[in-house]
Each structure stands twice: as C-alpha cells, then as structure tokens.
Amino acid sequence: MHRIYMDANATTPLLPEVMEAMRPYFLEHFGNASSIHQQGQRARAAVEHARGQVATLLHCRESEIVFTSGGTESDNMAIFGLLQPGDRLITTTIEHPAVLHAAGQLTSRGVEVLWLGCDSRGVVSVDALREALHEERTPGASPRTTAVSIMLANNETGVLQPISALSAVAHQAGAIFHTDAVQAAGKVLMDVRELGCDLLSISGHKMHAPQGTGILYVRRGIKLQPLFYGGSHERQRRAGTENVAGIVGLGKAAEIAQAWLATDGPQRLTALRDKLEQGILAHVDEAGVNGAAPDGTLAPRVPNTTNLWFDHMEGEALVIALDLKGISVSGGSACASGATEPSHVLTAMGLNAHRARASVRFSMTKQITEEEIDAAQAILPAAVAHLRELSPTYKASAAAITE
Ligand code: PLP
C-alpha cells in the first residue's frame, strides 16, 4: 500500500542528497573534528562548512551558530543558560514541552516565571507581553535578568507569532529574547536580524536532516551558562565531540531549504494544504479549522500545517482509522501522544476538552503530491462518518437538523 505521510511536524524523511552528503563522514572521513591530523582537519572543515550553510539560512554570523543534539537541547540550553535564581522569565502556555517543562523546572530553582496565553486564533498579544514586562516585581526582590521565550511557529497548529514585534517590546524593556523556531525552519524565510531575536532554536529532523541534530543561534555578546561541562567544543558553549556526519547533514538540509524557499515551493505547499482543508470541510459537517476566529479569519500559519476539529468523535480514533487506510497523521503533538490529556495548545486557544480531543493535525512534507492530497481528501469524510455512526451525540444533532 502506498502510504501518504502527513506527519511532518513529528519528523521528516531524510533527503537522499542529505544522506549522500553525510555518507563519507561515517565511512572514510570519520575523524574527530578536534584532532590535529588530516582526518581530524577534514572533519573540522566539514563542520565549519555546515556552520556556514546554517548561517546563510538564518542570515547570521557563523560564530553565532552552536551545534546541539536537537530542538530540546537548544531550548534547554537557552533557558537554563540565561536564567539564574532571582531572574524572571516570560513565556507562553502554548510552547512545546521542551520550553514548557524547562520553564516549569526553573520555578523550583528560584526563577520567577510569568505565563502568557493566546487568543482564539493561537496568537500571543504584543500588548500582553508589554504589560508583563512592566509588571511590578515581588516587593523586596531584586531580579537581575529578564528573558522572554516565545515560539515562532506552533507545532500543533502551525500558527506563526509576531516575533519581530514581540522581540522589539522585549528589547525596549531590556529583556533578552529567545524563540523556538523548530517548526518554522525551512518552511518560512527566517532572518534573525528581522526577527530581532537573541537566541533561536532549530531541530534538524524537522527539516529533512537526521534526528539528533540541531542548532542554537546565540547572538554575539549574549552570555550563556553551558548546559554540559567537558571539552571546549563549540567555543566552550557545548561540550562533547561533534556529531560530524549529522552536522554535515544539517548543513546540507539548510542549503536545500534555503533554495526551496527561493522558489514557488512555499506557495505550492500552501495551496495544497488549503485544498486539503477546504476539501475536507466541504464534505464533513460539524468540523472546522483550529485557529479560525469566530468570523472565520485565520492567523498566519506555516505552509504545511492544518489542525482540524471534528465533533462527535475522538481524534485518536481518526488517527488510527486513517493509519489503517495508509495515511499518517497525528492527534495533538507527537511528543504528547499517548497522553490522555487534551492538547494544552488547543485548550489555551479556548477549545473545550471534548473538542480538543476531537482534533487532528495534518502536516505535509514538501514532497507531498496533489494526487496524495486528493486521495486523503476522498478517504477522510467516510472515515469520519464511520466513527460518528457510533456516536449518540451525532445522531441527536443530525435529528435536530432534520426536524
Ligand atoms: N520545539 C518544537 C516547537 C517542536 O515541535 C519540537 C519537536 O517536536 C521540539 C522543540 C523538540 O525538538 P527535538 O525533537 O529535536 O528535540
């Protein structure tokens, strides 16, 4: 059976060109990038070439890139590296667990954490951040640093935050700004100067590089406490022998993403996502897009993601039904799957627990074809109808409509 992969926000397939770029660094050029001999120098040159490729994607200096083991490490490095007891962090309730739980951990270490919510479209308010930045501190407390961490694109809904405006407000108040750009990298153009962020996290496996690779952009002049202690790798910012092959793959994937962003690829992907969304909603009643305001307007989103609710059924049941028909999608975020709690992102947007549990995320790779979109669109209404056959609430609402 030809499978249709619509779970790119969980992970993406390695591109053949990325595999080819990496292959020699597993086999012939296996040197340690810190060794003085030629094999070491060869590995070092490959790491520095990849650093340049990633710096080009982000429009930053090569020296501002730190290679990590992925998005989770980059987020933790930013948050634990910036904040000390007595400091203050402002973040949001819709972050990925990598930020959410790191921030939660900080509260037990004497860091004050302020949480911002979002509106029904999933957007964080610039005014709310401004107010939080000027909120009175606990009398007697003398916090030193304030940092703000707000994600660029949400992993569940794809909704983009107004990062340039948020970072400008943070800087006016003297705060340092971090953004988790894991779900935006390679999907939208990113210029760290335009975004105005001081730190930015990326994960390789969300952009066709291998799992276990990532970067943290650290603007020149920003001081971070290291997360690990050991060798002096990555300019003493991240101890541990470099994952040379993985870094080479990440660099190649960044180069390919940069080239794709300069084509009509993003428009094509947006059109296919919209076709799927509209096609499904035209054939399924009592369903909608998570992130649509009451007047139907949607917040800006990355091109590949849509998150839909279908009343009178469980999202997980639809995920399983579609899986049996050869379509891979996700209910809530992949990292939270298995959990019975409704999505923290969707509930923050105001969905009740029932509707949050009745939601499914479709996230396409750049390789998705129109035929696959058509096939998914044809299969979905019947799958939803089948699940609803078992639902007493759907029967009641259908009866109410026909009466
Ligand atoms: N941040 C966001 C927004 C994510 O979607 C993810 C992964 O789903 C991460 C961070 C964690 O990245 P990694 O899987 O590379 O640790």
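Numbers here simply count residues along the sequence, with the first being 1. In this text the structure is predicted, and so the values were computed from the model without any measurement. When a ligand or atom number is given, it counts from 1 through the structure's own listing order.
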For Lys206, the ligand 1 atoms with a heavy-atom partner under 4.0 Å come out as 6 (C), 7 (C), 8 (O)

Note: ligand 1 atoms sitting under 4.0 Å from heavy atoms of His205 are 13 (P), 14 (O), 15 (O)

For Asp75, the ligand 1 atoms with a heavy-atom partner under 4.0 Å come out as 1 (N), 10 (C)

Inset, instruction - Look at Arg238 together with Glu73 and state whether they make a salt bridge at an N to O cut-off of under 4.0 Å. - result: yes

When you compare ligand 1 with Gly70, is there at least one nitrogen or oxygen pair between them that comes in under 3.5 angstrom? no

Checklist entry - Under 3.5 Å, is there a donor-acceptor pair linking the side chains of Asn243 and Tyr25? => result no

Near Met151 (heavy-atom distance under 4.0 Å), the atoms of ligand 1 are 3 (C)

query = So does Leu27 have more than 12 non-hydrogen atoms from other groups sitting under 6.0 Å from CG?
reply = yes

Look at the side chain of Asn154 and the backbone N and O of Ile94, then say whether any donor-acceptor pair between them is shorter than 3.5 Å. yes

**Study point:** Glu73 N/O to ligand 1 N/O under 3.5 Å
**Key:** no

Between Lys275 and Glu370, is there a salt bridge with N-O shorter than 4.0 Å?
yes

In ligand 1, the atoms that come under 4.0 Å of a heavy atom of Asn155 are 3 (C), 5 (O)

Salt bridge flag under 4.0 Å for residues Glu112 and Arg88 | yes

Logged contact type for Val182 with ligand 1, heavy-atom cut-off 4.0 Å, is side chain

